[in-house]
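Throughout, residue positions are numbered sequentially from 1 according to the sequence presented.
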Amino acid sequence: MDNEYNIYNETPAAENVPAKKTVHVPSLVLMIIGAVFALMFILPIITYGCSIPSLVMSIRRRKTHVTLYAIIINIIALVLAVASSVIGVMMQTGMMNIGH
(Lines give C-alpha, C1' and ligand atoms only; values in the text may rest on other atoms or scores of the structure.)
Protein backbone atom coordinates (compact mmCIF):
# COMPACT_ATOMS: atom_id res chain seq x y z
CA MET A 1 0.00 0.00 0.00
CA ASP A 2 1.29 3.43 -0.92
CA ASN A 3 1.84 5.65 2.15
CA GLU A 4 1.66 8.84 0.14
CA TYR A 5 -2.14 8.88 0.03
CA ASN A 6 -4.77 8.84 2.73
CA ILE A 7 -7.02 5.80 2.29
CA TYR A 8 -10.20 7.74 3.08
CA ASN A 9 -10.24 10.57 0.55
CA GLU A 10 -7.36 9.89 -1.88
CA THR A 11 -5.59 13.17 -1.10
CA PRO A 12 -1.92 13.45 -0.24
CA ALA A 13 -1.12 12.89 3.42
CA ALA A 14 -0.89 16.02 5.58
CA GLU A 15 2.82 15.63 6.30
CA ASN A 16 3.63 15.67 2.57
CA VAL A 17 1.61 18.78 1.72
CA PRO A 18 3.53 22.05 1.96
CA ALA A 19 1.94 24.83 3.99
CA LYS A 20 -0.01 27.24 1.81
CA LYS A 21 1.47 30.71 1.82
CA THR A 22 -1.05 33.54 2.14
CA VAL A 23 -0.96 37.29 1.84
CA HIS A 24 -0.72 39.42 4.98
CA VAL A 25 -3.69 41.80 4.58
CA PRO A 26 -2.56 44.81 6.71
CA SER A 27 0.74 44.91 4.87
CA LEU A 28 -1.07 44.69 1.54
CA VAL A 29 -3.46 47.54 2.36
CA LEU A 30 -0.66 49.83 3.55
CA MET A 31 1.39 48.94 0.47
CA ILE A 32 -1.44 49.91 -1.88
CA ILE A 33 -2.09 53.23 -0.11
CA GLY A 34 1.62 54.08 -0.06
CA ALA A 35 2.08 53.17 -3.74
CA VAL A 36 -0.92 55.25 -4.85
CA PHE A 37 0.30 58.36 -3.04
CA ALA A 38 3.85 57.78 -4.32
CA LEU A 39 2.64 57.55 -7.92
CA MET A 40 0.60 60.76 -7.58
CA PHE A 41 3.67 62.65 -6.26
CA ILE A 42 1.57 64.37 -3.58
CA LEU A 43 1.96 64.19 0.17
CA PRO A 44 5.02 61.94 0.43
CA ILE A 45 4.48 61.88 4.21
CA ILE A 46 1.51 59.55 3.56
CA THR A 47 3.78 57.26 1.56
CA TYR A 48 6.36 57.24 4.36
CA GLY A 49 3.67 56.52 6.95
CA CYS A 50 2.24 53.61 4.98
CA SER A 51 5.20 52.10 3.14
CA ILE A 52 7.69 51.92 6.01
CA PRO A 53 5.40 49.91 8.35
CA SER A 54 4.30 47.75 5.42
CA LEU A 55 7.92 47.08 4.49
CA VAL A 56 8.77 46.12 8.08
CA MET A 57 5.74 43.79 8.30
CA SER A 58 6.60 42.21 4.95
CA ILE A 59 10.20 41.57 5.93
CA ARG A 60 9.21 40.11 9.30
CA ARG A 61 6.67 37.73 7.70
CA ARG A 62 8.64 36.72 4.61
CA LYS A 63 9.05 33.13 5.85
CA THR A 64 5.32 32.49 6.25
CA HIS A 65 3.72 34.74 3.66
CA VAL A 66 4.20 35.58 0.00
CA THR A 67 5.79 38.99 0.42
CA LEU A 68 8.48 39.44 -2.22
CA TYR A 69 6.24 41.61 -4.41
CA ALA A 70 5.22 43.70 -1.38
CA ILE A 71 8.85 44.34 -0.46
CA ILE A 72 9.69 45.41 -4.02
CA ILE A 73 6.64 47.69 -4.37
CA ASN A 74 7.29 49.31 -0.97
CA ILE A 75 10.92 50.02 -1.89
CA ILE A 76 9.83 51.59 -5.20
CA ALA A 77 7.19 53.69 -3.39
CA LEU A 78 9.79 54.90 -0.87
CA VAL A 79 12.23 55.84 -3.65
CA LEU A 80 9.48 57.83 -5.39
CA ALA A 81 8.55 59.53 -2.09
CA VAL A 82 12.17 60.51 -1.46
CA ALA A 83 12.43 61.89 -5.01
CA SER A 84 9.23 63.85 -4.51
CA SER A 85 10.51 65.24 -1.22
CA VAL A 86 13.84 66.28 -2.75
CA ILE A 87 12.12 67.98 -5.69
CA GLY A 88 9.77 69.79 -3.30
CA VAL A 89 12.65 71.08 -1.18
CA MET A 90 14.54 72.18 -4.28
CA MET A 91 11.50 74.09 -5.53
CA GLN A 92 10.97 75.78 -2.14
CA THR A 93 14.57 76.90 -1.86
CA GLY A 94 14.65 78.27 -5.41
CA MET A 95 17.22 75.79 -6.68
CA MET A 96 14.73 74.54 -9.25
CA ASN A 97 12.21 76.61 -11.18
CA ILE A 98 9.51 74.90 -13.19
CA GLY A 99 7.82 76.90 -15.94
CA HIS A 100 9.62 80.19 -15.37
Side-chain angles (χ1 to χ4, degrees):
M1 188 163 157
D2 191 11
N3 288 336
E4 186 177 338
Y5 290 97
N6 187 341
I7 61 172
Y8 297 109
N9 59 7
E10 296 292 325
T11 59
E15 63 271 359
N16 294 333
V17 177
K20 184 178 179 182
K21 292 188 175 186
T22 58
V23 177
H24 190 239
V25 176
S27 176
L28 182 68
V29 170
L30 289 173
M31 176 196 64
I32 291 170
I33 294 170
V36 167
F37 276 93
L39 290 174
M40 293 189 317
F41 286 104
I42 58 170
L43 297 172
I45 193 73
I46 302 290
T47 302
Y48 295 136
C50 291
S51 290
I52 292 173
S54 177
L55 182 62
V56 170
M57 284 189 279
S58 297
I59 290 172
R60 290 184 70 196
R61 295 183 185 271
R62 72 176 177 262
K63 301 281 188 207
T64 59
H65 293 82
V66 181
T67 58
L68 180 62
Y69 68 91
I71 292 171
I72 293 170
I73 291 173
N74 281 319
I75 290 172
I76 291 170
L78 287 171
V79 168
L80 289 175
V82 168
S84 177
S85 297
V86 169
I87 290 171
V89 168
M90 289 175 68
M91 288 174 61
Q92 287 294 322
T93 59
M95 295 175 67
M96 185 169 151
N97 291 330
I98 296 178
H100 293 289

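- Shown here for P44 and A81, the closest heavy-atom pair between the two residues is CB-O, 3.7 Å.
- Among all heavy-atom pairs drawn from A35 and A77, the shortest one is CA-CB, 4.1 Å.
- Within the hydrophobic cluster formed by Ile, Leu, Val, Met, Phe, Trp and Tyr side chains joined at under 4.5 Å, directly or through other members, V56 stands alone, with no partner residue.
- Contact of the V82 side chain with the Y48 side chain is registered, since non-hydrogen atoms from C-beta on lie closer than 4.5 Å.
- F37 and I52 fall within a single hydrophobic cluster, where Ile, Leu, Val, Met, Phe, Trp and Tyr side chains are chained together by heavy-atom contacts under 4.5 Å.
- Each of L30 and L28 belongs to its own hydrophobic cluster when Ile, Leu, Val, Met, Phe, Trp and Tyr are linked at side-chain heavy-atom distances under 4.5 angstrom.
- Residues V29 and I32 fail the side-chain proximity criterion, which asks for heavy atoms closer than 4.5 Å.
- A continuous path of hydrophobic side-chain contacts links V36 to I42 [ILVMFWY only; heavy atoms under 4.5 Å].
- The only option from N74, I73, I75 that meets the side-chain contact (heavy atoms from CB on, under 4.5 Å) definition with I71 turns out to be I75.
- Side-chain atoms of S54 do not come within 3.5 Å of backbone N or O of C50 as any donor-acceptor pair.
- Not one N or O on the side chain of R60 forms a donor-acceptor pair closer than 3.5 Å with the backbone of M57.
- A 6.0 Å sphere centred on CD1 of I45 holds no more than 12 heavy atoms belonging to other residues, nucleotides or ligands.
- The backbone N or O of L80 lies less than 3.5 Å from no partner atom in the side chain of S84, so there is not a single donor-acceptor pair.
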